[in-house]
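Everything below concerns the one structure shown next.
One-based numbering, in listed order, for ligands and for the atoms of each.
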Amino acid sequence: MQNFPAPVPTSRLEISAKAYRQNIRYIRSEIGPKPTISAVVKGNAYGHGIAQMVQIAEKSGIRHFSTFSSDEAWMVKKHSIKNSEIMIMGMLYEEELEDLIRADISFYVFDFQRLQKAIEVSSRIEIPAKIHVELETGFHRTGFEWEDRERLVEVLQKGKDQVVLEGLCTHYAGAESVSNYVRVKNQISVYYDFKNYLSENNLFFNRYHTACSAATLIFPETIMDMVRIGIAGYGFWPTKETYFAKLKDLPKNNKNPLKRLITWKSQVMSLKKVEMGEFVGYGNSFMALKDMMLAIVPVGYGHGYSRLLSNSGQVLIGGKYCQVVGTVTMNAIAVDITSLKQVQVGDEVVMIGRQGRQEITVASFSESTQQVNYELLTRLPRDIPRKIID
Ligand SMILES: *Cc1c(COP(=O)(O)O)cnc(C)c1O
C-alpha cells in the first residue's frame, strides 16, 4: 500500500465555544433558572457538526439534546460524555425502537401507529419507552388531532405502566413573527385545552415543552419546563423581526447578546485581470464595466456556497468587503478585488466571520430571506473540517 498525504480541504470551519457559552447565558437570562434547555442539533447541528456541538454544549452545562432523526440521535450518544438526555422529534424506524429504548433515547409519538408500537416493544422488553406525545395545534405536519383525544386517552391509560410519559409537546407555526400573534395564541390555547383534558383523565407528563428559539424569545408564555433551542444557540436571531422585538429590552452596551459561533475561511487560489466589456464566468450574468482585478476562491455550491449568492455574496479579503461577481460555480467563485492592493495567492478569505474590523454574518449573505441562513448553514458539507476554538 502506498502512503498518500492527508487531503487538505479547500476551506475550513471554526466553531467558537465562547460564543456558545454567551448565547446560553443570554437564553438562560430570558427563561429563568428552572426550565431545561434542550440544544437542537438536527441538520448536523445546523451545519456546525454534531460531534463538535455536543462537546461544546456539554461544557456549557447542556444535558439535553434534540434531533430530528434517529441517526442524529446515535451521533449524539456517541459523542456525549455526560450521559445527556436525547430526544428524537421526527424520524425513526420501527425496527429501531428496541435499540432506542434500551439506549434510553426518548422520542416523539405523533400517531397511533408509533404509539402502539412503542407500548408493544416496551412491554415485550420490559423497559419503558420515554415518549413525548406531540399535539397538533396548527403547524399541520405531525401531531395528534383534537378529535383524537378520546382514543388517545384510552390508549395512554392502557399503556401508561409500560411507557414513561416524558413530554407533552407541540411546535409553533410562525412564532418568528410578531404579526402571527393571533395564530400563536390560538396554538397555545389548543395546547392547554389538550393538556387540561389529559390532566382531567389523570395523564400527567414529566415535561411540558413547546417553545423553539423564536417562541422562547418573543412569546414568553410558551416557556414551560423545557425550551428547544436551535438557531439562537448558534448565535442567530430566528428572524430580523425577532431581533427588533427584543431590541428595546437589550442593554445599551450589548445590543446583540447572540454571538455567531461559526467562521468559514478559505484562501485566494489565483488572480485574474479582466478588461472592460468582458464577461466573467459562465453565461453573461456579469460584464466588467471597467478594467478589474479578480480573486478566484476555491469554494462553490458544491462546498455549500449557495448559488443564490451569484453576483450578490460578499467575502472579506485583507479586511475589506469584496463582491462575488458572476455565477457561483460548483467549486469556485470570483470576487472583485480591484480596489485592493497587494492581494496574493494564499491570502485568507473569509466567507462567514470576522476579518480585521469587518464581519460577514450569514444574514448579510442575503437579506432577502432568513431561510437562507438555516439552509446555507445546514448545507455546509460534513467533510469540511470543523475546529473548536474558544
Ligand atoms: C427545529 C426545531 C426546533 C428548533 O427551532 P429553532 O427555530 O432553530 O430554535 C424546535 N422544535 C422543533 C420541533 C423543531 O423541529
Legend entry - Distance from atom 8 (O) of ligand 1 to nearest protein heavy atom, with residue and atom: Y46 OH, 2.5 Å

Inset, instruction - Can you tell me which residue pairs pass the side-chain hydrogen bond (donor to acceptor under 3.5 Å, both in side chains) test with a partner in residues 51-67, sequence neighbours excluded? - result: S38-H64, S38-S66, E58-S80, E58-S84

Inset, instruction - Please indicate whether N83 has more than 12 foreign heavy atoms, meaning atoms of other residues, nucleotides or ligands, lying under 6.0 Å from its CG. - result: no

Legend entry - salt bridge (charged side-chain N to carboxylate O under 4.0 Å, His left out) partners for R28, two or more places apart: none

Legend entry - Sub-3.5 Å N/O-N/O distance, I231 and ligand 1: yes

Legend entry - N or O pair under 3.5 Å between A214 and ligand 1: no

Inset, instruction - Looking only at protein heavy atoms, identify the closest one to atom 9 (O) of ligand 1 and say how far it is in Å. - result: S213 OG, 2.5 Å

Inset, instruction - Among all protein heavy atoms, pick out the one at the shortest distance from atom 10 (C) of ligand 1; state its residue, atom name and that distance to 0.1 Å. - result: R228 NE, 3.6 Å

Inset, instruction - Determine, for D291 against K273, whether the closest basic-nitrogen to carboxylate-oxygen distance falls under 4.0 angstrom. - result: no

Legend entry - Salt-bridge present (R124, E98; N to O < 4.0 Å): yes

Inset, instruction - Identify, for atom 7 (O) of ligand 1, the protein heavy atom at the shortest distance, and state residue, atom and that distance. - result: Y374 OH, 3.4 Å

Inset, instruction - Looking only at protein heavy atoms, identify the closest one to atom 15 (O) of ligand 1 and say how far it is in Å. - result: K42 NZ, 2.6 Å

Legend entry - Heavy-atom gap F68 to ligand 1 smaller than 4.0 Å: no

Inset, instruction - Decide yes or no for T327 and R307: does some side-chain heavy atom of the first lie under 4.5 Å from some side-chain heavy atom of the second? - result: no

